[in-house]
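Here is the structure we will look at.
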Amino acid sequence: MNGSDADGGSAREGGTRNGGARGESSGSAGAGGAGHAGSPAVGDAMIRPAVEDAGDAPSVADVSLNGADRAERPDRVSSVLVAVGPGPHSGATVDVAREIAASTDAWLELFHVVPSDAALADAGPDGDASGTAVEAGDPNATDYVAAGERLLDAAEERLGGFDRADRWLVEDRTAAGAVVEQSAYYDLVVVGAPTTGTVGRFVFGSTTDTVVGDAEVPVVVVEADGSTALDAE
């Protein structure tokens, strides 16, 4: 199958990942991992209360839960896919995902998508690869993989002591396509609100609308209270 295999490895060409197995729920809770005092009892709907609580994070202006009826088990969240990018909402997106995972004992996957060779080849000098302006074959073009690894480093740092997390860098023609394809292997997807301009659009531009519409599981959209762009320097 495409995406993550059952033991947390990568079956997708061009992806690299580190850390433990996706979907584990019995490991160390990390920072805040004990859950919220008002956590739902077993059998109660869990997703919406967890999202509402996560919206109280200081960095967050708004969160919305989309496609809640797609949840196969509304009373369980064991794995959360987090789209990590350079946009102004990216730090708040990580914060919300961490809070949801802490309150539901879920595992986090920090997921970053970079343009594949095919996407770059399709983009002419004035074109783009899903919002990332490039010139095919330009030796001075951005090293997307290195930049992606730095973003994932920054996202891991923002998690603080939360240690039930993994990271995955994958190449694809579009970020939306990669996130939607992988959504089937998780209980919840968290993405940043749409951004304008070229920076961040590869992950957080039209990608957000596509993921909300096409993901196979509920999608949480996060808007930051001011810029919370991850420091990838």
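The structure presented is a predicted model; accordingly, all values stated were derived computationally and were not measured. Counting begins at 1 with the first residue of the sequence.
Side-chain contact between Val63 and Glu52 is absent, with no heavy atoms from C-beta onward closer than 4.5 Å. Looking at Val80 and Tyr186, their side chains never come closer than 4.5 Å, going by heavy atoms from C-beta outward. Side-chain contact between Ile47 and Leu188: present, with at least one pair of heavy atoms (C-beta onward) separated by less than 4.5 Å. Taking 4.5 Å as the limit, some side-chain heavy atom of Leu152 sits within range of a side-chain heavy atom of Glu149. With a 4.5 Å cut-off on side-chain heavy atoms, Leu169 and Leu151 do not count as touching.
A donor-acceptor pair under 3.5 Å links the side-chain atoms of His89 to the main chain of Ala224, judged by distance alone. A donor-acceptor pair under 3.5 Å is formed between the side chain of Ser90 and the backbone N or O of Leu230. Between the Arg48 side chain and the Leu65 main chain, no donor and acceptor come within less than 3.5 Å of each other.
Side-chain contact check for Ser78 and Asp187: at least one donor-acceptor pair (N or O, by modelled atom type) lies under 3.5 Å.
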Start with the C-alpha distance between Ser59 and Asp95, add both sets of side-chain angles, then the distance that settles side chain to side chain donor-acceptor pair (under 3.5 Å), and finish with yes or no.
CA-CA 8 Å; Ser59 61; Asp95 293 345; 2.7 Å; yes

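Looking at Val191, Val189, Leu108 one by one, the single match for side-chain contact (heavy atoms from CB on, under 4.5 Å) with Val82 turns out to be Leu108.
Ser183 and Ala215 make their closest contact through OG-CA, 3.7 Å (heavy atoms, listed as atom of the first residue, atom of the second, distance). Leu81 approaches Phe111 most closely through the heavy-atom pair CD1-CB, 3.5 Å. The two residues Val113 and Ala175 come nearest to each other via the heavy atoms CG1-CA, 3.7 Å. Smallest separation of non-hydrogen atoms from Ala83 and Thr93: O-CG2, 4.0 Å. Ile100 and Ala50 make their closest contact through CG1-O, 3.9 Å (heavy atoms, listed as atom of the first residue, atom of the second, distance).
Legend: residues meeting side-chain contact (heavy atoms from CB on, under 4.5 Å) with Val212, ordered by chain and number and at least two apart, are Asn66, Thr208, Val219, Val221. Looking at residues two or more places apart in sequence or on another chain, you find a side-chain hydrogen bond (donor to acceptor under 3.5 Å, both in side chains) between Arg73 and Asp75. Remark: Asp153 engages Arg167 in a side-chain hydrogen bond (donor to acceptor under 3.5 Å, both in side chains) (not counting sequence neighbours).
Applying the side chain to side chain donor-acceptor pair (under 3.5 Å) test to every pair with at least one member in residues 216-229, sequence neighbours left out, gives no pairs at all.
Heavy atoms from other residues, nucleotides or ligands lying under 6.0 Å from CD of Glu157 number 12 at most.
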